[in-house]
Amino acid sequence: MKKLLIALLSVGALITGVAQAELDNPGGVGGVESLRGATLIESSRPADEMKKYPREQAFDSDYVYQPPLIPHNIRNYEVSLNANKCLSCHSWKNAKEMGATKISVTHFINREDAVLADVSPRRYFCLQCHVPQAEAKPLIQNEFERVNSLR
């Protein structure tokens, strides 16, 4: 009888604790707010405003070996297994005519350090490293400081 009473009291305390936790923190999120804000995953919210891309204005690098940022909008650019819109301007063949920056020679070296005649498959998908530059406030605060100079 004593064991049954202790078990009932334990279950009652557990249920009370769970109910109180739900009242204090609905949804059990833990008081942490994501970059989505307080919107629940199950519900939708309006999309963020599109970022503004400066036209043909290159930003300085923030750190050594940073892949260059893309100084133009790339909306609707196809970069897939069958096509790479970036290469239509930035390939060695077209860069001068298009007034674009040539692809770095490092993009023609494969994993075995062999120099290839065309862009290496591991460097073909430009957007893995290069991102469009945009005038956007940081998503979270940080104490990052830019490099003084790369020269």
Side-chain angles (χ1 to χ4, degrees), residues 11 13-151:
V11 169
L14 181 66
I15 291 172
T16 302
V18 169
Q20 187 61 43
E22 183 63 27
L23 288 173
D24 291 341
N25 186 12
V29 179
V32 176
E33 190 173 294
S34 73
L35 295 176
R36 285 175 51 98
T39 306
L40 296 175
I41 291 175
E42 296 84 18
S43 62
S44 60
R45 63 177 182 82
D48 292 335
E49 191 175 313
M50 294 295 288
K51 305 291 185 237
K52 304 286 188 264
Y53 295 98
R55 292 186 165 253
E56 305 302 323
Q57 171 195 354
F59 290 167
D60 292 332
S61 296
D62 287 325
Y63 57 91
V64 179
Y65 300 120
Q66 172 184 340
L69 298 172
I70 303 169
H72 55 80
N73 195 344
I74 59 168
R75 179 163 239 168
N76 299 323
Y77 273 38
E78 181 180 357
V79 179
S80 67
L81 187 60
N82 300 320
N84 185 329
K85 172 77 170 155
C86 303
L87 295 177
S88 64
C89 295
H90 294 281
S91 68
W92 279 61
K93 181 176 127 187
N94 300 333
K96 188 172 187 175
E97 180 184 330
M98 300 301 288
T101 305
K102 289 181 191 175
I103 301 171
S104 168
V105 293
T106 60
H107 289 54
F108 294 86
I109 301 171
N110 69 9
R111 292 178 191 216
E112 289 77 37
D113 290 331
V115 178
L116 307 174
D118 206 355
V119 176
S120 172
R122 69 182 182 151
R123 300 290 186 108
Y124 180 79
F125 295 98
C126 309
L127 301 177
Q128 289 181 139
C129 300
H130 302 279
V131 295
Q133 59 189 19
E135 293 287 351
K137 65 180 180 114
L139 295 175
I140 58 172
Q141 294 295 39
N142 66 65
E143 296 176 10
F144 179 81
E145 293 182 24
R146 300 175 80 154
V147 299
N148 291 331
S149 175
L150 295 179
R151 296 180 182 95

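Sequential numbering from 1 along the given sequence is applied to the chain's residues.
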**Asked** Rounded to the nearest 0.5 Å, how far does SG of C86 lie from NE2 of H130?
**Response** 8.5 Å
**Request:** Just do the side-chain contact (heavy atoms from CB on, under 4.5 Å) check on V119 and W92 with the steps written out, would you?
**Result:** CA-CA 10 Å; V119 176; W92 279 61; over 6 Å; no
**Prompt:** Going from CZ on R111 to CG on D113, what distance comes out if it is rounded to the nearest 0.5 angstrom?
**Reply:** 12.0 Å
**Steps toward side-chain contact (heavy atoms from CB on, under 4.5 Å) verdict (I70, L127)** = CA-CA 9 Å; I70 303 169; L127 301 177; 3.7 Å; yes
**Mutual orientation of the aromatic rings belonging to H72 and Y77 [parallel < 30°, tilted 30-60°, perpendicular > 60°]** = tilted
**Asked** Out of curiosity, H90 NE2 to M98 CE, how far, rounded to the nearest 0.5 Å?
**Response** 9.0 Å
**Message:** Let's go through Y124 and L87 carefully: what are the C-alpha distance in whole Å and the side-chain angles of both, what is the deciding distance for side-chain contact (heavy atoms from CB on, under 4.5 Å) to 0.1 Å, and is it a yes or a no?
**Reply:** CA-CA 9 Å; Y124 180 79; L87 295 177; 3.9 Å; yes
**Request:** Measure the spacing between CD of E112 and OG of S120 and express it to the nearest 0.5 Å.
**Result:** 9.0 Å
**Prompt:** Can you name the nearest heavy-atom pair linking R122 to Q128, along with the distance?
**Reply:** O-NE2, 3.9 Å
**Message:** If you apply the rule side-chain contact (heavy atoms from CB on, under 4.5 Å), what do you find for V79 with I74, and how did you get there?
**Reply:** CA-CA 10 Å; V79 179; I74 59 168; over 6 Å; no
**Item:** Spacing of CD belonging to E97 relative to OG belonging to S91, to within rounding of 0.5 Å
**Value:** 9.5 Å
**Request:** Ignoring hydrogens and angles, tell me if any N or O in the side chain of N110 forms a donor-acceptor pair with the backbone of L116 under 3.5 Å.
**Result:** no
**Asked** Counting N and O atoms only, with roles assigned by atom type, does the side chain of N94 sit under 3.5 Å from a partner on the main chain of S88, one being a donor and the other an acceptor?
**Response** yes
